[in-house]
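Here's the structure we're looking at; comments come further down.
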Amino acid sequence: MKVIAVAHGILGYLGGAVAASPEIQTDIIYQNRSPLAGDVKKYLVYGMCFCLVLCGLCPWFKPSATPLWAWLALGFHLLSGALDLATQQGRFHCWRCMATGVTVKTIAAVALTYLATTLPSAGNG
């Protein structure tokens, strides 16, 4: 459980660092979007990264909360996709990335949930 959670934490930290870059914000987050939609997308990405970092830290402090943060990160990911759909930003390559990200996050969240509920010692040992 700790390995999956730490991988979430590392990806969340790196994703947050990349998303905070002004070049990435200009080229990816705000590109072809209104300023309001760009801001909402930026904060959804920040929220997802924050949840991933907390997911990476939880196994040492509160192992039972680890799946919660993984599922919340998945929720932020889905909300960012819904924002793209609502603002007609759906491009084919973006939807492939979205589907891949949702699939990976769902598998990891299910694995963390399974490990946290069936193997309570997995988070403590």
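Fair warning: this is a prediction, and the values are worked out from it, not measured in the lab.
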Q: Mind running side chain to side chain contact (heavy atoms under 4.5 Å, CB included) on Leu52 and Ile10 for me, showing each step along the way?
A: CA-CA 8 Å; Leu52 290 173; Ile10 291 170; over 6 Å; no
Q. Could you go step by step and tell me if Leu54 and Phe61 meet the side chain to side chain contact (heavy atoms under 4.5 Å, CB included) rule?
A. CA-CA 10 Å; Leu54 287 178; Phe61 303 107; over 6 Å; no
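- Checking side-chain atoms of Thr26 against main-chain N and O of Glu23 turns up no donor-acceptor pair under 3.5 Å.
- In terms of heavy-atom proximity, Ala37 sits nearest to Leu83 at O-CD2, 3.5 Å.
- With values rounded to the nearest 0.5 angstrom, Lys42 atom NZ is found 14.0 Å from Ile24 atom CD1.
- A heavy-atom distance below 4.5 Å is found between the side chains of Arg33 and Asp84.
- A single hydrophobic cluster is not seen to contain both Leu36 and Val45; linkage of ILVMFWY side chains at heavy-atom distances under 4.5 Å, directly or through other members, places them apart.
- Contact annotation: the side chain of Trp69 never approaches that of His8 to less than 4.5 Å [non-hydrogen atoms, C-beta and beyond].
- Between Thr66 and Ala5, the shortest heavy-atom distance links the atoms CG2-CB, 3.9 Å.
- Heavy atoms of other residues, nucleotides or ligands lying less than 6.0 angstrom from OH of Tyr30 number more than 12.
- Distance check, rounded to the nearest 0.5 Å: NZ of Lys105 to CG of Leu78 gives 9.0 Å.
- For the residue pair Ala116 and Pro63, the shortest heavy atom distance occurs at CB-O, 4.4 Å.
- The shortest heavy-atom contact between Ala73 and Met48 is O-CG, 3.6 Å.
- A donor-acceptor pair is defined here as one N or O able to donate and one able to accept, closer than 3.5 Å; such a pair exists between the side chain of Gln25 and the backbone of Ala19.
- There is no path of hydrophobic side-chain contacts, each under 4.5 Å, that joins Val104 to Leu74.
- Trp71 is not listed as a side-chain neighbour of Leu112, based on a closest heavy-atom distance of 4.5 Å or more.
- No side-chain heavy atom of Tyr13 sits under 4.5 Å from any side-chain heavy atom of Cys49.
- Taken from CG in Leu79 to CG in Leu85, the straight-line distance is 12.0 Å, to the nearest 0.5 Å.
- Between Cys55 and Leu68 there is no side-chain heavy-atom pair separated by less than 4.5 Å.
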